[in-house]
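By convention in this document, chain letters (A, B, ...) are assigned in the order of the sequence lines, proteins followed by strands, and residues within each chain are numbered from 1. Values below: every heavy atom of this structure, side chains too, minus hydrogens, waters and symmetry copies. Remember, predicted model here, so these are calculated numbers, not experimental data.
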Amino acid sequence: MAAVSTIIDELTWRGLIAQSTDLDALRAATSAGPLTLYCGFDPTAPSLHLGNLVQILTVRRFQQHGHRPLALVGGATGLIGDPRMNSERVLNPTDVVEQWVGRIRQQLDRFYDFEGPNGAVAVNNLEWTQGMGVLEFLRDVGKHFAVGTMLKREAVAARLAAEGISYTEFSYQLLQGYDYVQLFRRFGCSLQTGGTDQWGNIVAGVDLVRRMEGTAVHALTTPLMVKADGTKFGKTESGTVWLDPTLTSPYAFSQFLINTDDRDVATMLRTFSFRPREEIDALLAAAADRPQAREAQRALASELTALVHGEAERDAAEAAGRALFGQGDLGDLPAATLAAALTEASHVVVPAADVVGGQLPPYDDLLVRTGLSKSLSDARRTVGEGGAYANNVRIEDSASRASIGDLHHGEWLVLRRGKKAFAGVRVERP
RNA sequence: GGCAGGUUGCCCGAGUGGCCAAUGGGAGCGGACUGUAAAUCCGUCGGCUUAGCCUUCGAAGGUUCGAAUCCUUCACCUGCCA
């Protein structure tokens, strides 16, 4: 390998290049000097999620190689909706979309450097879209699009074959294509990145820039993350893994990564980690050698949790994990550690009034209160299956109760469902 | 617009009057085995004041001692014809 590794070489060995317009031309362009690139995020939720992080960090890598990113949040495109394979989207109210734009814009702060000569620039496609008239749009932009080509796009074709598609969503591609034109004009942007699902939209933009500006610009997509077990990446049964700490706690975020399947950890590290290649190779060798140590998973979780939530939150999440999964007796943990771990995991407060005669409410009730069980029936079932534990001792009878004397440090009861779901019950003293 | 078929639990899909809270598979959950992994096996998988009761089979009515199952209307989906 050459002494100076280019961004394209780096992305290649990380397996982050799925499709591109002209890779040699792009390699030449990136080597020639700093270029401006963009990857847009539509405000379809109040937060970005782990899946988006693939794109975000790819852009971050470009910035680390001296290129300038445009942090585009789709205030306009988010109002229209990119066609999905399965069904028409429900339009979100404009004020909600506007609020989400702000939140997502803020989240990007963490990953891009907005200072310096190649500092990122925040943009919102509403800027050039909202003032545009229908006739102007149809004449200047619409004229360059062939419906035949648009119909071939995977999501559009799938929708036509099934339930159909509204004109609104069908038009989405024109908006995203026009974004590229605007960013080219305003910032000289010459590269757009995204997931493979965005290839159609991105190429539409490349075409439009060529038609309207007479310049060949670049496109690059990252591969779809596929997990070994076939399930969707970045999702758990309880839903999406969000970057917002109020939607997915740093503890949950960290645990999600620690639980990465052995078969997926190599891809995960290459995709997300900023460690040098030698370190990643060493971690993977360790994982192959001593899988039970879960070194690669821990390193992945540690690095990403710190990146997304900060080092303090990362440390707290790791301490919580060590406390809850440690072999020792929970009672031996210092009160502060236990309290922090349970607060991080999730906990519920039992008011003093609910403690009668030194007895807590029955276990089935507490399992529901902590959210470990979704109903009383569910709680009883779990206890019946032998899957519920209080202070690491199996609960035999769902109607039985813990007493004040059983509490750790006089106030904590640790409930557990199965192996991984913990919740703290903090009992108020009168 | 006409004709035919369909709409069942998280998903797929059995079930044509009582034995149906509803076969089976998948997902999920729990246990065993492990490494907070995977695979495998076993169990479980609407709710509750749980030997019982309540609410579910597109929606609303109706027939019946009794309906997911029969009838009527409505909504939506699929196919064929215009």
Side-chain angles (χ1 to χ4, degrees), chain A residues 85-88 90 158-165 226-233 235-241 248-269 283-302 304-305 314 317-328 330 341-342 344-346 361-365 367-390 392-401 414-423:
Chain A
M85 303 289 269
N86 43 10
S87 62
E88 184 84 12
V90 176
R159 288 279 296 282
L160 284 173
E163 68 162 21
I165 181 169
V226 181
K227 290 206 297 179
D229 63 6
T231 58
K232 223 170 173 178
F233 170 73
K235 300 262 181 187
T236 64
E237 258 322 292
S238 47
T240 305
V241 178
T248 298
S249 75
Y251 171 78
F253 184 87
S254 163
Q255 284 295 312
F256 175 83
L257 293 167
I258 285 180
N259 282 317
T260 299
D261 192 318
D262 288 355
R263 294 169 297 179
D264 295 323
V265 77
T267 309
M268 294 285 280
L269 274 173
L283 281 169
L284 295 180
D289 206 32
R290 303 178 298 280
Q292 64 276 20
R294 311 179 67 72
E295 266 177 71
Q297 280 93 336
R298 284 178 211 283
L300 173 72
S302 178
L304 269 194
T305 307
R314 185 268 312 272
E318 288 183 352
R322 274 195 302 273
L324 296 174
F325 288 100
Q327 299 304 313
L330 286 167
L342 293 171
E344 191 68 27
S346 88
Y363 286 123
D364 51 9
D365 182 16
L367 284 165
V368 174
R369 288 199 207 192
T370 53
L372 289 176
S373 297
K374 64 180 168 63
S375 67
L376 277 178
S377 298
D378 187 39
R380 289 166 189 161
R381 200 177 292 133
T382 301
V383 172
E385 289 168 338
Y389 308 79
N392 282 346
V393 177
R394 180 171 284 175
I395 299 170
E396 301 294 341
D397 177 4
S398 62
S400 63
R401 300 156 184 269
V414 181
L415 287 182
R416 174 158 64 90
R417 174 183 177 144
K419 278 173 219 159
K420 297 183 219 168
F422 291 92

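When all heavy atoms of A/Ala266 and A/Leu284 are compared, the closest pair comes out as CA-CD2, 3.6 Å.
Both A/Lys419 and A/Arg416 sit near RNA chain B, but only A/Arg416 has its closest nucleotide nearer the 5' end. Remark on RNA chain B: of its neighbouring residues A/Thr260 and A/Gly418, the 5'-side contact belongs to A/Gly418, judged by nearest-heavy-atom nucleotide.
Nucleotide B/rU36: unpaired (no Watson-Crick or G-U wobble partner with both distances less than 3.5 Å). The partner of B/rA4, taking Watson-Crick or G-U wobble pairs whose two distances both stay under 3.5 Å, is B/rU78. B/rA67: no Watson-Crick or G-U partner with both key distances under 3.5 Å is found in any strand. With a 3.5 Å ceiling on both atom-pair distances, B/rU23 lacks any Watson-Crick or G-U wobble partner. Checking B/rC57 for Watson-Crick or G-U wobble geometry (two distances, each under 3.5 Å) identifies no partner in any strand. In this structure B/rG43 sits in a base pair with B/rC29, meeting the Watson-Crick or G-U test at under 3.5 Å.
The backbone N or O of A/Gly371 lies less than 3.5 Å from no partner atom in the side chain of A/Arg369, so there is not a single donor-acceptor pair. Remark: the backbone N or O of A/Ala301 is paired with a side-chain donor or acceptor of A/Thr305 at under 3.5 angstrom. The backbone N or O of A/Gly386 lies less than 3.5 Å from a partner atom in the side chain of A/Arg394, making a donor-acceptor pair. Listed for the A/Arg417 side chain is no donor-acceptor partner under 3.5 Å among the backbone atoms of A/Ala423.
Between the C1' atom of B/rG28 and the CG atom of A/Leu372 lies a distance of 16 Å, rounded to the nearest Å. A straight line from CD of A/Gln292 to C1' of B/rA38 spans 14 Å, rounded to a whole angstrom. The distance between atom CG of A/Leu367 and atom P of B/rG30, rounded to the nearest whole Å, is 12 Å. Here B/rA37 presents its C1' atom at 15 Å from CG of A/Leu284, a figure rounded to the nearest Å. To the nearest angstrom, C1' of B/rG35 lies 14 Å from CD of A/Gln255. Rounded to an integer number of Å, the gap from CG of A/Asn259 to C1' of B/rA38 is 12 Å. Between the CG atom of A/Leu415 and the C1' atom of B/rG30 there is a distance of 16 Å, given to the nearest Å. A/Asp264 has its CG atom 10 Å from the C1' atom of B/rA37, to the nearest Å.
At a threshold of 4.0 angstrom between heavy atoms, the contacts of A/Arg417 are confined to the sugar-phosphate backbone, with no base atom among them. Residue contacts for A/Arg394: at a heavy-atom cut-off of 4.0 Å it reaches the sugar-phosphate backbone alone, with no base atom in range. As judged by a 4.0 angstrom heavy-atom cut-off over every strand, A/Tyr389 is placed among residues touching the sugar-phosphate backbone only.
Taking only distance into account, the side chain of A/Glu385 never meets the base of B/rG31 through a donor-acceptor pair shorter than 3.5 Å.
Look at the C1' atom in both B/rU34 and B/rU69: the space between them is 48 Å, to the nearest Å. Here, B/rU72 and B/rG24 have their C1' atoms 34 Å apart, quoted to the whole Å. To the nearest whole angstrom, the two P atoms, one in B/rA22 and one in B/rC54, are 15 Å apart. Look at the C1' atom in both B/rA68 and B/rU56: the space between them is 10 Å, to the nearest Å. Separating the C1' atom of B/rC71 from that of B/rG43 is a span of 43 Å, rounded to the nearest Å. The separation of B/rC10 from B/rU78, taken at their C1' atoms, amounts to 24 Å, rounded to a whole angstrom. Nucleotides B/rG5 and B/rG9, compared at atom C1', are 23 Å apart to the nearest Å. Nucleotides B/rC70 and B/rU16, compared at atom P, are 9 Å apart to the nearest Å.
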Intermediate values then yes/no, side-chain contact (heavy atoms from CB on, under 4.5 Å), A/Leu367 and A/Val383:
CA-CA 10 Å; A/Leu367 284 165; A/Val383 172; 3.9 Å; yes
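Distances shorter than 4.0 Å separate some side-chain N or O of A/Lys420 from OP1 or OP2 on B/rA37.
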Grab the N/O contacts between the protein and nucleotides 45-47 of chain B below 3.5 Å, and write none if there aren't any.
residue, atom, partner, partner atom, Å
B/rG47, OP1, A/Lys374, NZ, 3.2
B/rG47, OP1, A/Ser375, OG, 2.8
B/rG47, OP2, A/Arg381, NH2, 2.7

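Judged by distance alone, the side chains of A/Ser254 and A/Glu318 never bring a donor and an acceptor atom under 3.5 Å apart.
Listed nucleotides: B/rU44, B/rU50, B/rU36. Nearest to the side chain of A/Arg380: B/rU50.
For the side chain to side chain donor-acceptor pair (under 3.5 Å) with A/Gln297, the qualifying choice from A/Asp262, A/Thr260, A/Asp261 is A/Asp262, the only one to do so.
Contacts of A/Phe422 classified as ring pair (Phe, Tyr, Trp, His ring centres under 6.0 Å), with partners at least two apart in sequence or in another chain: A/Phe325.
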